[in-house]
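To start, the structure itself, in structure tokens.
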Amino acid sequence: QAQLKESGGGLVQPGVSLRLSCRGSGGILDYNDIAWFRQAPGKEREGVSCIASSDGSAKYADSVKGRFIISRDNSMNSAYLQMNGLKPDDTSVYYCATDFMTCRDTRNGLKTHEYRSWGRGPQVTISP
């Protein structure tokens, strides 16, 4: 069964780093672009970053630009989100998502409607 499974969430203090992983099974990541989204309580789900399957080009939301780094390892059927300089505002459930050719110049890549396959999302909490 094709599915996405995230790992790496937890409770950390402000300023520290955390890396989330997203592993795909059943070929779900083959040739597909990958994105990370997050949703805080009472807020809409927002796009954080995406990475293209073709050349590894990436996009970032302004709120995380310069702090977060997205990457992928096709040999491991995985994608990662390296989160540095975490702030309390980064507290959210983080989801990975995938679909075909979403993170391209002709697409936004950070909109929920662009993705049909989703993981369940680990909680990331940043608190002193």
Side-chain angles (χ1 to χ4, degrees):
Q1 182 179 358
Q3 61 180 357
L4 298 172
K5 186 172 183 180
E6 305 97 331
S7 61
L11 170 64
V12 297
Q13 294 185 331
V16 303
S17 299
L18 200 61
R19 189 175 87 150
L20 302 180
S21 299
C22 173
R23 188 174 181 93
S25 61
I28 196 172
L29 295 181
D30 292 352
Y31 309 109
N32 280 342
D33 297 353
I34 303 167
W36 286 95
F37 288 77
R38 67 185 182 184
Q39 188 167 19
K43 294 187 177 181
E44 292 186 356
R45 192 170 298 188
E46 64 171 348
V48 174
S49 181
C50 67
I51 186 167
S53 63
S54 55
D55 59 2
S57 56
K59 299 182 182 182
Y60 295 92
D62 288 343
S63 58
V64 305
K65 201 171 293 184
R67 298 189 299 125
F68 289 13
I69 302 171
I70 192 171
S71 62
R72 65 187 294 162
D73 184 341
N74 294 332
S75 68
M76 296 294 291
N77 296 311
S78 295
Y80 308 96
L81 186 67
Q82 178 67 39
M83 305 186 292
N84 302 317
L86 285 164
K87 307 174 183 179
D89 284 350
D90 295 319
T91 295
S92 288
V93 176
Y94 282 73
Y95 301 89
C96 67
T98 188
D99 215 314
F100 188 64
M101 292 184 67
T102 49
C103 191
R104 307 296 169 100
D105 291 343
T106 54
R107 305 281 296 277
N108 181 284
L110 298 180
K111 298 294 186 183
T112 56
H113 71 263
E114 297 177 297
Y115 296 88
R116 291 172 290 177
S117 299
W118 293 81
R120 286 192 162 186
Q123 174 70 44
V124 175
T125 302
I126 296 87
S127 178

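As the structure is a prediction and not an experimental result, all values here were calculated from the model.
Distance check, rounded to the nearest 0.5 Å: CG of N74 to CD1 of I34 gives 7.0 Å. Residue R72 holds its CZ atom at 5.5 Å from OG of S53, rounded to the nearest 0.5 Å. Put simply, CD on Q82 and CD1 on I70 are 12.0 Å apart, with the number rounded to the nearest 0.5 Å. Between C96 atom SG and R23 atom CZ the span is 12.0 Å, to the nearest 0.5 Å. The CG atom of N77 lies 10.5 Å from the CD1 atom of I28; values are rounded to the nearest 0.5 Å.
Counting only heavy atoms from C-beta outward, the side chains of P14 and K87 never approach each other to under 4.5 Å. For the pair L4/L29, a side-chain contact is recorded, criterion being any heavy-atom separation below 4.5 Å from C-beta on. R38 places a side-chain heavy atom less than 4.5 Å from the side chain of S63.
Under the 3.5 Å distance criterion, the side-chain polar atoms of T91 are matched with a main-chain donor or acceptor of I126. Between the side chain of Y115 and the backbone N or O of L110, no donor-acceptor pair lies under 3.5 Å.
Taking each heavy atom of G109 and A35 in turn, the nearest pair found is O-CB, 4.1 Å. For the pair L11 and S127, the tightest heavy-atom approach, listed with the atom from each and the gap, is CD1-CB, 4.0 Å. For L20 against M83, the heavy-atom pair with the smallest separation is CG-CE, 3.7 Å. The minimum heavy-atom distance linking S57 with C103 is given by the pair O-SG, 4.2 Å. Scanning all heavy atoms of the two residues, the minimum distance from W36 to A79 falls at CZ2-O, 4.1 Å. Between S49 and L81, the shortest heavy-atom contact is CB-CD1, 4.4 Å.
One hydrophobic cluster, built from ILVMFWY side chains closer than 4.5 Å, holds both V48 and I51. Hydrophobic clustering, with ILVMFWY side chains joined whenever heavy atoms are under 4.5 angstrom apart, groups V124 together with I69.
Few gaps surround CG on D55; more than 12 heavy atoms of other groups in view lie less than 6.0 Å from it.
Residue pairs meeting the side chain to side chain donor-acceptor pair (under 3.5 Å) criterion with at least one member in residues 116-125, sequence neighbours excluded, are D99-R116, Q123-T125. Pairs of residues two or more places apart, or lying in two chains, never qualify as ring pair (Phe, Tyr, Trp, His ring centres under 6.0 Å) while including a residue from residues 47-85. Evaluation of the side chain to side chain donor-acceptor pair (under 3.5 Å) test over residues 2-14, restricted to residues two or more places apart or in two chains, returns none.
Here R107 does not pair with D33 in a salt bridge; the nearest charged N to carboxylate O distance is not below 4.0 Å.
In the hydrophobic clustering, M101 connects to F100, either directly or through intervening members, whenever side-chain heavy atoms lie under 4.5 Å apart.
Residues passing the side-chain hydrogen bond (donor to acceptor under 3.5 Å, both in side chains) test with D62, sequence neighbours excluded: K65. In this structure, R19 has no salt bridge (charged side-chain N to carboxylate O under 4.0 Å, His left out) partners at least two apart in sequence or on a different chain.
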>> Under the criterion side-chain hydrogen bond (donor to acceptor under 3.5 Å, both in side chains), I'd like the reasoning laid out for N84 against S17: C-alpha separation, chi angles, the key distance, then a yes or no.
In response: CA-CA 4 Å; N84 302 317; S17 299; 2.9 Å; yes

